[in-house]
Number of protein chains: 4
Amino acid sequence: MMNRVILVGRLTKDPDLRYTPNGVAVASFTLAVNRPFTNQQGEREADFINCVVWRRPAENVANFLKKGNLAGVDGRVQTRSYEGQDGKRVYVTEVLAESVQFLEPKGQGQGTDRGSQQQPSRQGGQDFPFGNQNQRQNQNQNQNQGYTRVDEDPFAGGGQIDISDDDLPF
Amino acid sequence: MMNRVILVGRLTKDPDLRYTPNGVAVASFTLAVNRPFTNQQGEREADFINCVVWRRPAENVANFLKKGNLAGVDGRVQTRSYEGQDGKRVYVTEVLAESVQFLEPKGQGQGTDRGSQQQPSRQGGQDFPFGNQNQRQNQNQNQNQGYTRVDEDPFAGGGQIDISDDDLPF
Amino acid sequence: MMNRVILVGRLTKDPDLRYTPNGVAVASFTLAVNRPFTNQQGEREADFINCVVWRRPAENVANFLKKGNLAGVDGRVQTRSYEGQDGKRVYVTEVLAESVQFLEPKGQGQGTDRGSQQQPSRQGGQDFPFGNQNQRQNQNQNQNQGYTRVDEDPFAGGGQIDISDDDLPF
Amino acid sequence: MMNRVILVGRLTKDPDLRYTPNGVAVASFTLAVNRPFTNQQGEREADFINCVVWRRPAENVANFLKKGNLAGVDGRVQTRSYEGQDGKRVYVTEVLAESVQFLEPKGQGQGTDRGSQQQPSRQGGQDFPFGNQNQRQNQNQNQNQGYTRVDEDPFAGGGQIDISDDDLPF
DNA sequence: TTTT
DNA sequence: TTTT
C-alpha cells in the first residue's frame with residue numbers, strides 16, 4: 001500500500017486557516033496546476049486540487065502563502081465523506097499535504113524558500129523560516145480563544161460538520 | 001507546475017470499461033489504499049481513490065485486473081466538473097493513471113507482473129503481456145459496435161453526460 | 001526543495017543489516033526495477049537501485065524481506081561521499097527509504113502486506129506486522145552485543161569507513 | 001515495477017549539452033536539493049543529484065537553465081555502468097528526467113514557467129516556451145555538424161566511452 | 001459504493 | 001469557486 005502525491009502549482013486564493021475544537025490548526029487551499037499539454041481547442045487547462053495541511057505547517061501556510069503564490073506539496077491522496085446539506089453523503093477526494101514548499105522568490109512578497117515540514121527533525125531542527133517558534137505557538141494558543149471551529153467542509157463552503165479531530169491523520 | 005501521484009492498493013470492484021463515441025477505451029476503477037497509521041479508535045482505515053485510464057492500458061486493466069487485485073498506478077491528479085442530475089455542477093477529483101502495474105503474483109488469477117504503460121517504447125516495445133496485440137485491437141474494434149458510450153460519471157453511476165472525447169487527456 | 005522517490009521492485013539479495021557504534025540499525029538492499037520499455041536489442045533491462053533504511057523499519061526489512069521478494073520503497077534520493085581505498089573520494093547516490101512496503105503475498109514466504117513505516121502513528125499505531133514489538137526491541141538490544149559495525153560501504157563490500165551515526169538522516 | 005522521482009532544487013552549474021553520434025541531444029546537470037532537516041551540527045545539508053535529459057527537453061534545459069536556477073524534475077532513477085579509466089567498472093546512479101520544470105520567475109533571467117516535457121501533446125501541443133520549434137530543430141541539425149560526442153561520463157569529466165545511443169531510454 |  |  002503506497003500513496004504519494006507531489007504537486008507544484010499556484011494558490012487560487014489565500015489559504016483558509018481554522019482550528020478544531022481541540023485547538024488543532026488546519027489550513028486548506030487549492031492549487032491550480034497547469035496541465036503539460038493543451039486540449040483539443042489548443043488551450044492550456046489546469047487542475048484545481050484541494051489540499052489540507054494540519055498543525056504547525058498549517059499555520060506557516062496561512063502566514064506565508066497568498067493567492068497566486070507558487071507552492072509545492074508532498075503528501076497523500078485522502079478520501080472522506082460527510083453528510084451533505086440535503087442529507088446525502090458527499091464524497092471528497094483531496095490531498096493531505098505532509099510538507100509544503102514555498103517556491104515564491106524571497107524578495108517578492110513574504111514568501112520563503114525553506115518551506116514547511118510536518119515533522120521537524122529529531123535534533124530539534126528548525127523549519128519555521130524566521131522568528132521564535134515557541135512564541136508563535138503561544139500566540140496561537142491565545143488565538144484559539146477565538147478560533148473558527150472546523151465544522152463544515154473547508155472547500156464546499158456552506159455546509160455541515162465535516163473535518164473534526166477525528167480526521168486528524170496522525 | 002508538477003503533478004504526480006503514485007498509488008499501490010487493491011481494486012474495490014472489477015474495473016469498468018467503456019468507449020467514447022469515437023471508440024476510445026476508458027477504464028475506471030477504485031483503489032483501496034490502506035493508511036499507514038491507525039485512527040483514534042485504533043482501526044486501520046483506507047482511502048478509496050477513483051482512477052481513470054485511457055486507450056490500450058484501459059483494455060489491459062479491464063482484461064487483467066479483478067476485484068481485490070493488488071495494482072500500482074503512476075499518474076496525475078485531475079479535476080473536472082459536470083452538470084449534476086439536479087442541474088448543479090459536480091466537482092470531481094480523480095487520478096488519471098498514465099501507467100498501471102499488475103502486482104498480483106502470476107499464478108493466482110490472470111495477473112501479470114509486466115504491467116501496462118500508456119506510452120509504448122519507441123522501438124515498438126511490447127507491453128501487452130501476451131498474445132497478439134493487433135489481433136486484440138481488431139477485436140476491440142468489433143466490440144465497439146456494442147460499446148458502452150461514456151456519457152455519465154463512471155463512478156457516480158446514475159448521471160449525466162460526463163466523460164466524452166473532450167476529456168481525453170492527450 | 002522537494003525530493004521524493006517511489007520504487008517497486010525485487011530484492012537482488014537478502015538485505016544487509018548492520019548497527020552503528022551507537023546501536024542504531026541500518027539495512028541496505030538493492031532493488032531491481034524492470035524498465036517499462038525494451039532496449040534497442042528488444043531486451044527488457046532493469047535498474048539496480050541501492051536503498052538504505054534506518055532504525056526499526058531496517059529490522060523489519062531484515063526480518064521479512066528476502067532475495068527475490070517484491071517490495072515498494074517511498075523515500076528520498078540521497079548523496080554522500082567517502083574516502084575510497086585508493087584515497088580518492090567516492091560519490092554515492094542511493095535511496096533513503098522512509099517506508100518500505102512488503103508486496104509479497106502472505107502465504108508465500110514470510111512476507112507481509114502491512115509494510116513498515118519509519119514513523120509510527122501518533123496514537124502508538126502498530127506497524128510491526130505481528131508479535132510483540134517491545135520484546136523484539138529487547139532482542140535487538142541483545143543482538144547489539146554482537147552487531148556488525150557500519151564502517152564500510154554497505155554496497156561496495158570491501159571498503160572503508162562509510163556510514164556512521166553522522167549519516168543518520170533524522 | 002514502478003520507478004518515479006520528483007525533485008525540486010537548484011542547478012549547481014550551467015547544464016552540459018552534448019549530442020550522440022546520431023545527433024541526439026543529451027543534457028546533464030546537477031540539482032542541489034536542500035534536506036528538510038539539519039544534521040547533528042545543526043547545519044542544513046543538501047543532496048547533489050545528477051540528472052540527464054534527452055532530445056528536445058535537453059535543448060530547452062540548455063537554453064533556459066543556468067547555474068543557481070530553481071528547477072523541478074519528474075523522472076526515473078536509472079543505473080548504468082561503464083569502464084573506468086583504470087579499467088574497472090564504474091557504477092552510476094542518476095535521475096533520468098522525463099520532464100523539467102523551470103521554476104525561476106519570468107522576469108529574472110530567461111527562465112520560463114512553462115517547463116519542458118519529454119512527450120509533447122497528441123495534438124501537436126507546444127511545449128517549447130516561445131518561437132518556432134521546427135526552426136529550432138533545424139538549427140539543431142546544423143549544430144550537429146559540430147556536436148560534442150557523448151563518449152565520456154557527463155558528470156565525472158575525464159573518462160571513457162559512457163553514454164551512447166544505446167543509453168537512449170526510449 | 002468499498003479492498004486484503 | 002479558480003492560479004500565472
Side-chain angles (χ1 to χ4, degrees), chain A residues 1 3 7-16 28-35 44-51 65-73 79-81 88-91 93 103-105 108-109 153-159, chain B residues 1 3 7-16 28-35 44-51 65-73 79-81 88-91 93 103-105 108-109 153-159, chain C residues 101-107 111-115 129, chain D residues 101-107 111-115 129:
Chain A
M1 302 302 191
N3 183 337
L7 304 172
V8 173
R10 293 190 181 279
L11 289 243
T12 61
K13 296 187 187 162
D14 289 359
D16 177 36
S28 52
F29 57 93
T30 299
L31 234 42
V33 184
N34 296 325
R35 295 187 177 169
R44 188 169 291 269
E45 293 176 283
D47 295 291
F48 298 97
I49 303 167
N50 294 333
C51 300
L65 286 179
K66 299 279 160 287
K67 176 177 175 170
N69 283 182
L70 193 69
V73 159
T79 60
R80 59 194 172 82
S81 70
K88 54 189 212 316
R89 203 124 277 269
V90 179
Y91 293 91
T93 299
L103 299 172
E104 215 54 46
Q108 306 166 192
D153 187 331
F155 298 109
Chain B
M1 301 300 190
N3 184 339
L7 303 173
V8 173
R10 293 189 180 277
L11 290 244
T12 61
K13 295 187 188 161
D14 289 359
D16 177 36
S28 51
F29 57 92
T30 300
L31 235 42
V33 184
N34 296 325
R35 295 189 177 166
R44 189 169 290 267
E45 292 177 285
D47 294 291
F48 298 97
I49 303 166
N50 294 332
C51 299
L65 285 180
K66 301 276 159 286
K67 176 175 174 171
N69 284 182
L70 192 69
V73 159
T79 59
R80 57 193 174 83
S81 69
K88 54 190 213 309
R89 202 124 278 271
V90 179
Y91 293 92
T93 299
L103 299 173
E104 214 54 43
Q108 306 166 195
D153 187 331
F155 297 110
Chain C
Q101 238 21 56
F102 306 155
L103 298 172
E104 215 53 47
K106 283 300 249 287
T112 164
D113 216 354
R114 302 266 195 94
Chain D
Q101 240 17 61
F102 306 155
L103 299 172
E104 215 54 45
K106 284 299 249 284
T112 164
D113 216 354
R114 301 260 199 97

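Letters go in sequence order (proteins before strands), and every chain restarts at 1.
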> Which nucleotide sits closest to the side chain of A:Phe48: E:dT4, E:dT2, F:dT3?
Replying inline: F:dT3
> What nucleotide among E:dT3, E:dT1, F:dT2 has an atom nearest to a side-chain atom of B:Ala32?
Replying inline: E:dT3
> E:dT3 base to B:Asn34 side chain: any donor-acceptor pair below 3.5 Å?
Replying inline: yes
> Between A:Val8 and A:Leu103, is any pair of side-chain heavy atoms under 4.5 Å apart?
Replying inline: yes
>> Categorize B:Gly68 for me: base, sugar-phosphate, or nothing, with a 4.0 angstrom heavy-atom threshold over every strand shown.
In response: sugar-phosphate
> Nearest to the side chain of B:Asn50, which nucleotide is it out of E:dT2, F:dT2, E:dT3?
Replying inline: E:dT2
> Which residues satisfy the side chain to side chain donor-acceptor pair (under 3.5 Å) test with A:Asn34, sequence neighbours excluded?
Replying inline: none
> A:Thr79: what forms a side-chain contact (heavy atoms from CB on, under 4.5 Å) with it, not counting sequence neighbours?
Replying inline: A:Thr93, B:Asp47, B:Phe48, B:Ile49
> Nearest to the side chain of B:Ala46 - E:dT1, E:dT3, F:dT1?
Replying inline: E:dT3
> Nearest-Å distance, CG (A:Leu31) to C1' (F:dT2)?
Replying inline: 11 Å
> Given atom OH of A:Tyr91 and atom P of E:dT1, what is their separation to the nearest angstrom?
Replying inline: 4 Å
> Which nucleotide in the list F:dT2, E:dT2, F:dT3 gets nearest to the side chain of B:Met1?
Replying inline: F:dT3
